[in-house]
Trainee: 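The structure's right below; bear with me while I get my questions together.
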Amino acid sequence: MSLAQTIMPEGYIFPPKPAPLTAVEKDEYKARIKQLLQQKNAVLVAHYYTDPEIQALAEETGGCVADSLEMARFGARHDADMIIVAGVRFMGETAKILTPNKTVVMPTLEATCSLDIGCPIDDFSAFCDLHPDRKVVVYANTSTAVKARADWIVTSSCALEIVEHLDEQDEKIIWGPDKHLGSYIQKNTGADMIMWNGACIVHDEFKTKALKDMKALHPDAGVLVHPESPEEIVALADAVGSTSQLIKAAQTMTNKKFIVATDRGIFYKMQQLCPDKEFFAAPTAGEGASCKSCANCPWMAMNGLQAIEEALITPQGKEVFVDMDLREGALKSLNRMLDFTENMVK
Ligand code: 13P
Ligand code: SF4
């Protein structure tokens with residue numbers, strides 16, 4: 001069964017969610033997937049925003065659950081023949097760029113990202129051409145072509161440090177595509193940055209007034225915010241960071257309660273690592289409004305057990321390929337990020 005597509009007012013087509021499964025069906029899928037992973041010498045790499053069921057399966061089968069930077073590293077270092085990337089398209093492409101000789105498959109190639117959609121290569125490249133004196137720094141949530149056009153690629157785990165490094169060398173920057181992450185980085189580094197006008201439809205939905213009200217209800221709660229959120233939400237945070245940095249903050253901060261402004265898939269790992277703490281989802285619907293993504297990325301949600309099994313049985317149509325010429329350019333800037341972060345204190 002698949003549910004109807006919803007065309008959002010902004011023009012995004014929200015994909016149908018995987019059909020719900022009974023507990024018995026889930027167990028049957030998981031057992032078959034475990035066997036197939038072994039048979040195919042495959043490893044499952046999942047993002048923190050995927051369904052908890054999938055995160056647990058990745059952990060149980062020796063794969064990994066991680067942020068986008070660690071997903072890239074894990075796949076590149078693992079000796080499996082096949083990498084199953086449960087996440088969104090740019091994560092699968094990054095894996096393929098780093099390991100072109102491996103078979104990289106995704107439960108669905110349709111799992112995209114509003115930042116990637118909002119940054120088409122021709123327009124972005126023309127924007128860069130207008131400012132040839134600037135270094136082009138792009139977020140990992142982009143196509144291979146945009147990565148190939150960039151001098152540097154960053155994820156939210158390392159964007160601050162990389163921009164700081166470029167600023168110290170008096171480099172001026174073109175930043176794309178996320179304007180909120182860009183303005184957060186700009187504010188904290190003072191770097192000279194001009195921004196592409198992109199946003200994440202999930203983080204863009206957090207509501208300032210409703211978050212203030214929630215804070216008033218739970219004055220002892222720490223507020224954890226992903227920097228893809230709007231500036232006014234970031235201003236209310238006690239900790240701002242990538243998914244893995246927010247998980248770490250939940251572990252190290254002394255609060256017993258947290259309000260979390262990012263995709264709710266992250267609660268699985270937070271609750272697992274902090275069983276005695278309480279986590280509340282930051283509000284996405286303001287007064288009189290209703291949420292659209294409701295803090296759950298519609299493309300991450302496409303990664304279901306059924307689609308993972310299908311990808312393992314018949315990779316055709318689910319295998320990730322990248323243009324080999326573009327790969328060359330994208331690999332250079334990706335490696336720049338990986339080398340830089342290798343020396344970062346974690
Ligand atoms: P992280 O790099 O923090 O995992 O974020 C990826 C992403 O898509 C957040 O929306
Ligand atoms: Fe893209 Fe936002 Fe989904 Fe992350 S949560 S994959 S940035 S749309």
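All ligand and atom numbering here is 1-based and tracks the order in the structure. All figures in this text were calculated on a predicted structure; none of them were measured in a lab.
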Trainee: Classify the angle between the aromatic ring planes of H218 and F280 as parallel (below 30°), tilted (30 to 60°) or perpendicular (above 60°).
Mentor: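 The arrangement is parallel - the two ring planes meet at less than 30°.
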
Trainee: Check whether any heavy atom of H47 sits under 4.0 Å from an atom of ligand 1.
Mentor: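 It does; at least one heavy atom falls under 4.0 Å.
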
Trainee: Anything under 30° is parallel, anything over 60° is perpendicular, the rest tilted; go ahead and classify Y49 against H47.
Mentor: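 Geometry flag for H47 against Y49: perpendicular rings.
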
Trainee: Indicate whether the side chain of S244 and that of D67 have a donor and an acceptor atom separated by less than 3.5 Å.
Mentor: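 There is such a pair (donor and acceptor under 3.5 Å, judged by atom type) between the side chains of S244 and D67.
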
Trainee: Taking a cutoff of less than 4.0 Å between a non-hydrogen atom of the residue and any ligand atom, is Y48 in contact with ligand 1?
Mentor: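 So Y48 does not count as touching ligand 1.
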
Trainee: Tell me the protein N, O or S atoms under 2.8 Å from atom 1 (Fe) of ligand 2, in chain and number order.
Mentor: C113 SG

Trainee: Between the side chains of Q251 and K248, does any donor sit under 3.5 Å from an acceptor?
Mentor: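 The criterion, which ignores hydrogens and geometry beyond distance, is not satisfied for K248 and Q251.
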
Trainee: Considering the heavy atoms of E228, write down every atom of ligand 1 situated less than 4.0 Å from one of them.
Mentor: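 Answer for ligand 1: 7 (C), 9 (C), 10 (O).
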
Trainee: Between ligand 1 and H203, can you find any atom pair, the residue atom being a heavy atom, that is separated by under 4.0 Å?
Mentor: yes

Trainee: List the steps, then state whether salt bridge (charged side-chain N to carboxylate O under 4.0 Å, His left out) holds for K40 with D81.
Mentor: CA-CA 7 Å; K40 306 245 169 171; D81 297 323; over 6 Å; no

Trainee: Donor-acceptor pairs are to be reported for all side-chain atoms of residues 133-140 against protein atoms at under 3.5 Å, with residues two or more places apart or in another chain.
Mentor:
{"unit_1": "D133", "atom_1": "OD2", "unit_2": "K172", "atom_2": "NZ", "d": "3.1"}
{"unit_1": "R134", "atom_1": "NH1", "unit_2": "I173", "atom_2": "O", "d": "3.0"}
{"unit_1": "R134", "atom_1": "NH1", "unit_2": "D192", "atom_2": "O", "d": "3.3"}
{"unit_1": "R134", "atom_1": "NH1", "unit_2": "D192", "atom_2": "OD1", "d": "3.0"}
{"unit_1": "R134", "atom_1": "NH2", "unit_2": "D192", "atom_2": "OD1", "d": "2.9"}
{"unit_1": "Y139", "atom_1": "OH", "unit_2": "E228", "atom_2": "OE2", "d": "2.5"}

Trainee: Side chains of Q55 and Q272 only: does a donor on one sit below 3.5 Å from an acceptor on the other?
Mentor: no

Trainee: Relative to each other, are the rings of W196 and F124 parallel, tilted or perpendicular (30° and 60° limits)?
Mentor: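 Geometry flag for F124 against W196: perpendicular rings.
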
Trainee: Short question: side chain of R149, backbone of I121 - any donor-acceptor pair under 3.5 Å?
Mentor: no

Trainee: Quick one: does C200 get a heavy atom under 4.0 Å from ligand 1?
Mentor: no

Trainee: With backbone taken as N, CA, C and O and side chain as the heavy atoms from C-beta onward, which portion of V88 lies under 4.0 Å from ligand 1: side chain, backbone, both, or neither?
Mentor: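 Contact part for V88 vs ligand 1: neither.
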
Trainee: Is the shortest distance from a heavy atom of M71 to ligand 1 less than 4.0 Å?
Mentor: no

